[in-house]
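Data block below; observations after.
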Amino acid sequence: MANITAAMVKELREKTGAGMMDCKGALAETGGDIEAAVDWLRKKGLAKAAKKAGRVAAEGLVAVESAGHHAAIVEVNSETDFVARNDAFQAFSREAAKVALNTDGTLEGLQAAHFPGASETVAEKLQALIATIGENMNLRRVAKLDVTKGVIATYVHNQISEGLGKIGVLVALESEGDVDALSTLGRQIAMHVAATNPVALDAAGVDPAVLERESNILREKNAGKPDHVLQKIVESGLKTYYKEVTLLEQPFVHDGSKTVSQVLKEAAGKVGAPVALTGFVRYALGEGIEKEDGPDFATEVAQQAGRA
């Protein structure tokens, strides 16, 4: 039998909101497998379907940059928020996003690109910054969006400086319509993405493995019902799931009576041409990174003073 620790129970409670004894029982049933325990609780109706892959946050910054029909987003991590507020770290993050505009959109391409005003690559510049500041840093990920005609809107939540913050979003709108009206609409949708964190643009973009998992949970929660009834339950459940997690099907945060898809159709009349939402990117700082509890701010300051 797996050794079920208090830390495991605590983690499962935070992921699901289920009671302590329910979490302990789920872990016992699944041999201590956290993800399997989440599914077990959901099948018993004891947990919500919330996905919290990004619960634990690392420090650093998300940087966004746009120019014409191109935009890029970069996440740069640091050990502490103290360093994330360092001018040199912020300058590096901002320049890295600018450089990314002229790369192929891959992390490897960005790392190998020339850093402006230096004889180094972006990766080498980061290593030099690590040596100067004395704290580990990581250029974690990058993405680019392009449009032929239209706009790429950007939005930064919890912005600490122009284009730098904790959550960054890019939204690509293809259209021959009025650019100013498109920019306003794009920013509203980017704010929506920051708030709702959709997993895909539409149903076709959802990972098949995720759909299989959702379907299995619905089937097991309704086990014993006739096959034709069960099939309808699964189909209905997946439709509800799409409305929750796909951008075009979500209720628009600025007007809950309409979906994002409906808002785009109505926007055609305002901008003077059809509008197609062709892509989006949302980076939340540190999502998916497991990080141990670090020192409080006072300790961070003391540590940095000792490194000076």
Side-chain angles (χ1 to χ4, degrees), residues 1-62 75-84 135-138 140-141 157-158 165-169 193-200 206-223 237-238 240-241 244-246 250 281-300 303:
M1 180 178 292
N3 181 29
I4 309 303
T5 66
M8 292 165 67
V9 173
K10 179 176 181 290
E11 180 180 352
L12 186 57
R13 288 190 70 188
E14 290 175 348
K15 278 179 172 287
T16 64
M20 182 177 68
M21 295 308 296
D22 290 326
C23 288
K24 189 173 181 180
L27 287 164
E29 288 288 334
T30 58
D33 186 319
I34 294 289
E35 292 305 317
V38 171
D39 287 351
W40 189 90
L41 287 167
R42 289 181 59 197
K43 291 167 187 175
K44 299 295 183 181
L46 298 172
K48 295 181 180 180
K51 304 294 185 291
K52 295 190 176 182
R55 286 189 316 105
V56 181
E59 301 301 336
L61 289 170
V62 174
E75 180 181 352
V76 188
N77 295 128
S78 61
E79 292 182 43
T80 62
D81 184 62
F82 185 84
V83 165
E135 180 171 304
N136 188 36
M137 302 168 205
N138 177 44
R140 185 185 181 208
R141 52 182 174 166
H157 188 64
N158 288 339
K166 302 297 185 182
I167 297 177
V169 178
V193 170
T196 63
N197 191 19
V199 302
V206 180
D207 186 342
V210 172
L211 292 181
E212 183 65 22
R213 179 181 178 182
E214 294 297 319
S215 298
N216 289 338
I217 289 172
L218 288 166
R219 289 191 183 95
E220 292 194 34
K221 286 179 69 173
N222 295 277
L238 289 180
T240 300
Y241 179 73
E244 293 173 350
V245 305
T246 62
Q250 288 179 330
V281 180
R282 179 188 187 274
Y283 281 178
L285 178 66
E287 59 190 349
I289 296 178
E290 294 295 331
K291 184 186 176 188
E292 296 180 358
D293 292 337
D296 58 24
F297 182 70
T299 304
E300 287 182 15
Q303 289 176 341

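None of these values were measured; they are calculated from a predicted model. Start at 1 with the first residue, then count along the sequence.
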Inset, instruction - I would like to know whether Leu41 and Leu12 meet side-chain contact (heavy atoms from CB on, under 4.5 Å); could you show each step before the answer? - result: CA-CA 10 Å; Leu41 287 167; Leu12 186 57; 3.8 Å; yes
Legend entry - Residues that Arg141 engages under side-chain hydrogen bond (donor to acceptor under 3.5 Å, both in side chains), provided they are two or more places apart: Glu75, Glu287
Legend entry - Those residues that, when tested against Glu35, pass side-chain hydrogen bond (donor to acceptor under 3.5 Å, both in side chains) (two or more places apart): Lys15
Inset, instruction - Check the pair Glu59 / Val83 against side-chain contact (heavy atoms from CB on, under 4.5 Å), numbers first and verdict last. - result: CA-CA 9 Å; Glu59 301 301 336; Val83 165; over 6 Å; no
Legend entry - Whether Arg282 side chain and Ala194 backbone form a donor-acceptor pair below 3.5 Å: yes
Inset, instruction - Only counting residues at least two apart or in another chain, list the ones meeting side-chain contact (heavy atoms from CB on, under 4.5 Å) with Thr240. - result: Glu244
Inset, instruction - List for me each residue that meets side-chain hydrogen bond (donor to acceptor under 3.5 Å, both in side chains) alongside Thr196, sequence neighbours excluded, and say none if there are none. - result: His192, Gln250
Legend entry - Closest heavy-atom pair and its distance - Leu238, Leu218: N-CD1, 4.2 Å
Inset, instruction - Measure the spacing between OH of Tyr241 and CD of Glu214 and express it to the nearest 0.5 Å. - result: 4.5 Å
Inset, instruction - Could you tell me which residues satisfy side-chain contact (heavy atoms from CB on, under 4.5 Å) with Asn138, sequence neighbours excluded, listed by chain and number? - result: Asn77, Arg140
Legend entry - Listed partners of Lys43 passing salt bridge (Lys or Arg N to Asp or Glu O under 4.0 Å), at least two apart: Glu220
Inset, instruction - Considering non-hydrogen atoms only, spot the tightest contact between Gly60 and Leu285 and give its length. - result: O-CD2, 3.4 Å
Inset, instruction - Sequence neighbours left out, what passes side-chain hydrogen bond (donor to acceptor under 3.5 Å, both in side chains) with Asp39? Give chain and number order. - result: Arg213
Inset, instruction - Only counting residues at least two apart or in another chain, list the ones meeting side-chain contact (heavy atoms from CB on, under 4.5 Å) with Val9. - result: Ile4, Arg13, Met20, Cys23, Lys24, Leu27
Legend entry - Min side-chain heavy-atom separation Val76-Leu61 under 4.5 Å: no
